[in-house]
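First comes the structure, then the notes that go with it.
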Amino acid sequence: MPRKTWVVANWADRTYVEDLAVTPAEVGGAAQGYSVQKQRLRGGLCDGVDRIRVDTGPLRFDVLPTRGMSLWKAWTEDGPIGWHSPVRGPVHPQFVPLSDASGLGWLDGFDEWLVRCGLESNGAPEFGADGQLTYGLHGRIGNKPAHHVELSVDGEAGIIRIVGIVDETRFHFFKLRMTTTIEARVGESSIAIRDTISNLSASPGEAQMLYHINFGPPLLGEGSEVVAAAKTIVPRNEHSSQDLATWSTYKAPQAGTVESVFFFDLQADQQHGTKVLLKNPQSSRGTSLSFNVQQLPCFTLWKNTTAEADGYVTGLEPGTNFPNPRSYEGEQGRVVRLPPGCN
């Protein structure tokens with residue numbers, strides 16, 4: 001059977017593979033024209049970050065086990081997918097001050113194409129009555145390293161699969177685990193992601209999850225458009241309400257522009273599936289997200305049309321909730337409750 005599996009990291013038995021290169025010659029089978037390379041980056045803020053680069057032929061993308069199994073960037077024949085963050089990463093979590101008193105330390109490492117927000121919380125910073133930080137921006141899972149990472153290649157079916165396990169735990173409090181499977185097929189330009197969240201505790205637990213999926217030039221530009229089947233659209237604040245009539249289109253980069261954010265209830269098909277499309281100004285190139293609204297019922301659109309040097313970007317963000325402070329989302333019933341030992 002032309003299928004091979006490599007365990008590239010496993011904390012339990014101290015397995016760790018620093019560099020690995022996989023080609024069709026090693027796997028066998030009919031699938032050709034692909035490669036997978038795992039390496040540890042060196043130097044600057046990237047020092048110590050593990051990167052797995054998958055090349056399916058028409059699509060190349062980077063997975064970061066060190067940063068919660070984020071997808072860093074991708075490339076197709078038409079150009080890059082992702083955005084130009086002022087943060088030059090990928091940034092090792094040791095350089096991200098999540099406990100910064102402002103609650104905004106998460107931004108020091110923010111430059112991925114897809115980064116998960118959660119698991120304890122995933123929204124705006126929240127402070128207690130004493131002014132102390134209770135929940136930082138977008139949570140911790142995106143800065144937690146995977147303790148188990150496995151790569152498998154099916155040389156006959158042409159399926160490349162990466163599995164990672166990331167724990168977010170705190171003694172006396174929560175004990176959550178994310179098991180993610182990232183799958184791509186040789187010769188195709190799509191990626192499938194399946195995450196399972198587990199409560200490892202003997203007591204009930206709670207979780208939130210949001211997929212912060214970010215796009216900049218060349219896909220994003222003046223005249224780019226989002227297409228979504230919206231039942232309801234709610235601006236996050238007064239500033240965003242001023243842009244409600246033009247929520248689906250984008251302006252050219254302009255220094256000093258304040259971000260706009262919109263919350264959506266989306267239409268879905270009979271299988272509870274929905275799609276959101278972002279297309280370039282010429283409508284000649286686009287990218288789409290497909291997800292299940294029973295699992296991810298809340299969709300957020302983030303538009304940050306400031307100057308390119310400051311991060312001209314939009315975020316298409318399906319989630320279990322909207323990225324408001326956790327206490328508010330809890331009051332609205334938008335926190336997932338997990339029984340003991342439950343997925």
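All values derive from a computational prediction rather than experimental measurement.
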| query | With the threshold set at 4.0 Å, does a side-chain nitrogen-carboxylate oxygen contact exist between K4 and E26? | reply | no
| Nearest heavy atoms of V96 and G105, plus distance in Å | CG1-O, 3.4 Å
| Single-linkage hydrophobic cluster, 4.5 Å side-chain cutoff, W247 and F215 together | yes
| field | Spatial distance of atom CG (N214) from atom CD1 (I81) [nearest 0.5 Å] | value | 13.0 Å
| Between CH2 on residue W83 and CD1 on residue I213, distance to nearest 0.5 Å | 14.0 Å
| Quick one: NZ on K303 to OG1 on T257, what's the gap to the nearest 0.5 Å? | 11.0 Å
| query | Do K275 and V227 have side chains that get closer than 4.5 Å, going by heavy atoms? | reply | no
| said: Would a single hydrophobic cluster contain both L289 and I233, if residues Ile, Leu, Val, Met, Phe, Trp and Tyr are joined by side-chain heavy-atom contacts under 4.5 Å? | reply: yes
| task | Answer yes if F322 and V293 sit in the same cluster of Ile, Leu, Val, Met, Phe, Trp and Tyr residues linked by side chain heavy atoms under 4.5 Å apart, and no otherwise. | result | no
| task | Please round to the nearest 0.5 Å and tell me the distance separating atom OG of S70 and atom CD of E112. | result | 4.0 Å
| query | Looking only at atom types and distance, does a side-chain atom of R161 sit under 3.5 Å from a main-chain N or O of T181, one as donor and one as acceptor? | reply | no
| Under 3.5 Å donor-acceptor, R334 side chain and C298 backbone | no
| said: Which heavy atom of A74 sits nearest to which heavy atom of W113, and what is that distance? | reply: CB-CZ3, 3.4 Å
| So which of V63, L114, I193, L64 actually passes side-chain contact (heavy atoms from CB on, under 4.5 Å) with M69? | V63
| field | Whether over 12 other heavy atoms sit under 6.0 Å from R42 CZ | value | yes
| query | Of all heavy-atom pairs between H272 and A268, which one has the smallest distance, and what is that distance? | reply | C-CB, 3.8 Å
| said: Using only atom types and a distance under 3.5 Å, with no angle test, would you say the side chain of E222 pairs donor to acceptor with the backbone of P281? | reply: no
| message | Taking the ring of H212 and the ring of F110, is the distance between their centroids below 6.0 Å? | response | yes
Report, one line per pair, each donor and acceptor closer than 3.5 Å where one atom sits in a side chain of residues 48-59; sequence neighbours left out.
| residue | atom | partner | partner atom | Å |
| --- | --- | --- | --- | --- |
| D50 | OD1 | Y16 | OH | 2.7 |
| D50 | OD1 | K38 | NZ | 3.3 |
| D50 | OD1 | R40 | NE | 3.2 |
| D50 | OD2 | Y16 | OH | 3.2 |
| R51 | NH2 | Q39 | OE1 | 2.2 |
| R53 | NE | D62 | OD1 | 2.7 |
| R53 | NH2 | D62 | OD2 | 2.9 |
| D55 | OD1 | G57 | N | 2.9 |
| T56 | OG1 | L59 | N | 3.3 |
| T56 | OG1 | L59 | O | 3.2 |
| T56 | OG1 | E188 | O | 2.8 |

| Criterion side-chain contact (heavy atoms from CB on, under 4.5 Å) on I141 and L176, from CA distance to verdict | CA-CA 10 Å; I141 194 66; L176 301 173; over 6 Å; no
| request: Test Q332 against N324 for side-chain contact (heavy atoms from CB on, under 4.5 Å), laying out the working first. | output: CA-CA 11 Å; Q332 307 307 309; N324 295 309; over 6 Å; no
| request: Let me see the working for L20 and L151 under side-chain contact (heavy atoms from CB on, under 4.5 Å), right down to the final yes or no. | output: CA-CA 10 Å; L20 176 68; L151 164 68; 4.0 Å; yes
| Do the side-chain N and O atoms of S121 and E126 include a donor-acceptor pair separated by under 3.5 angstrom? | no
| field | Hydrophobic cluster membership, Y211 vs L316, 4.5 Å side-chain cutoff | value | yes
| remark: dist Q295:CD -> M209:CE (nearest 0.5 Å) comes out at 11.5 Å
| message | Under 4.5 Å between side-chain heavy atoms, counting indirect links through other Ile/Leu/Val/Met/Phe/Trp/Tyr residues: same cluster for I159 and V36 or not? | response | no
| message | Donor-acceptor pair, distance only, cut-off 3.5 Å: does the side chain of D111 make one with the backbone of G89? | response | yes
| said: Rounded at 0.5 Å granularity, tell me how far CD in E259 sits from NE2 in H239. | reply: 8.0 Å
| field | Sidechain N-carboxylate O distance under 4.0 Å for R116, E168 | value | no
| said: Please find the pair of heavy atoms, one from A157 and one from R185, that lie closest to each other, and give the distance. | reply: O-NH1, 3.1 Å
| request: Give a yes or no on whether Q282 atom CD has more than 12 heavy-atom contacts from other residues, nucleotides or ligands under 6.0 Å away. | output: yes
| field | Closest heavy-atom pair and its distance - A255, T306 | value | CA-OG1, 4.0 Å
| query | Can you find a heavy atom in the side chain of P204 that is under 4.5 Å from one in the side chain of P340? | reply | yes
| request: Please test D100 against W106 for side chain to side chain donor-acceptor pair (under 3.5 Å), starting from the C-alpha separation and ending with a verdict. | output: CA-CA 9 Å; D100 186 278; W106 185 89; over 6 Å; no
Under 3.5 Å, sequence neighbours excluded: what are the donor-acceptor pairs made by side chains of residues 307-314?
| residue | atom | partner | partner atom | Å |
| --- | --- | --- | --- | --- |
| Y312 | OH | K251 | O | 2.5 |
| T314 | OG1 | Y250 | OH | 2.6 |
| T314 | OG1 | W302 | O | 2.6 |

| Taking C-beta and beyond as the side chain, do I197 and V336 meet within less than 4.5 Å on heavy atoms? | no
| note | Smallest heavy-atom separation, L266 atom then K231 atom, equals O-CE, 3.8 Å
| Taking atom types as modelled, is there a side-chain donor on S240 or N237 under 3.5 Å from an acceptor on the other? | yes
| task | In sequence, state the C-alpha distance, the side-chain angles, and the governing distance for I191 and I182, and then conclude on side-chain contact (heavy atoms from CB on, under 4.5 Å). | result | CA-CA 7 Å; I191 303 171; I182 299 169; 3.8 Å; yes
